[in-house]
Amino acid sequence: MGEKRAQPAAKRRYWLLKTEPSSFAFEDLLRAPKRRTQWDGVRNYQARNFMRDDMQFGDLALIYHSSADPTGITGIARIVRAARPDATQFDPKDEHFDPKARREDPPWVAVEIEALVPVEPCVSLQARKDEPRLAQMLVLRRGQRLSVQPVESGEWQVVLELAGLDPGNF
DNA sequence: GCCAACGTTGGC
DNA sequence: GCCAACGTTGGC
């Protein structure tokens, strides 16, 4: 691939982004214009803080399908635009409308992501539970509901291995 | 559909 | 600031 590296691998961070495929699936991202979309509608402060403060252009993300059959990591995406105000917070017709959001100080942000490759078959929840090197992974913890989670680089390597992908390609 | 986990809300 | 009630998430 002749694409420029966004930043040195040492500075790049890894993320996990949850979505319910019934509302938006990785396949939808693959079919989107330029295979990109706004990752909007996040309405949790901790998740917001990760997006706003830590997510950078060039970071990589695992796309995770929750409430799905099967649940699991179904694709790899890249952050192609850092956080900016999430337009849906101002749209009364949008399900994520926030009547308290003020334009002069918007509380919610969105990033733009681009699909890289699908993970097929997906890396299932069970496969990750069976992998001792992922024992600390946030998404596997009981009751963990954060929709935007940081992923350690070691965990990233293991997940890509389980996916049959070469981490060096990213 | 159940229910445990956990974030948010609001009365005090 | 406490905390009970409530709503949402998400695996099962």
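Residue numbers start from 1 in every chain, and the chains themselves are labelled A, B, ... in the order their sequence lines are given, proteins ahead of strands. Note that the structure is a prediction, hence the values are computed from the model and not measured.
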Is there a side-chain polar atom (N or O) of [X] under 4.0 Å from OP1 or OP2 of [N]?
| X | N | result |
| --- | --- | --- |
| A:Tyr64 | C:dG11 | yes |
| A:Ser67 | C:dG10 | no |
| A:Lys18 | C:dT9 | no |

[X] [atom1] to [N] [atom2]: how many Å, rounded?
| X | N | atom1 | atom2 | value |
| --- | --- | --- | --- | --- |
| A:Gln46 | C:dT9 | CD | P | 16 Å |
| A:Ile73 | C:dG11 | CD1 | P | 12 Å |
| A:Arg145 | C:dG7 | CZ | P | 14 Å |
| A:Lys129 | C:dG10 | NZ | C1' | 11 Å |
| A:Leu146 | C:dT8 | CG | P | 18 Å |
| A:Leu17 | C:dT9 | CG | C1' | 17 Å |
| A:Leu140 | B:dA5 | CG | P | 16 Å |
| A:Arg43 | B:dT9 | CZ | P | 13 Å |

Do [X] and [Y] sit within salt-bridge range, that is, some charged N less than 4.0 Å from a carboxylate O?
| X | Y | value |
| --- | --- | --- |
| A:Glu161 | A:Arg133 | yes |
| A:Arg48 | A:Asp53 | no |
| A:Glu114 | A:Arg35 | no |

Between B:dT8, C:dC12, B:dT9, which nucleotide has the shortest distance from any of its atoms to the side chain of A:Leu125? C:dC12
Considering only C:dT8, B:dT8, C:dG10, which nucleotide approaches the side chain of A:Ser66 most closely?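 Output: C:dG10.
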Compute whether any side-chain donor of one residue and acceptor of the other, for A:His65 and A:Thr74, lie under 3.5 angstrom apart.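 Yes - a donor-acceptor pair under 3.5 Å links their side chains.
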Should the pair A:Arg103 and A:Phe90 be classed as cation-pi, given the thresholds of under 6.0 Å to the six-membered ring centre and 45° from the axis?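 Here A:Arg103 passes the 6.0 Å and 45° test against A:Phe90.
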Looking for any heavy atom pair under 4.0 Å, which part of the strands does A:Ser147 touch: base, sugar-phosphate only, or nothing?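 It contacts nothing in the nucleic acid.
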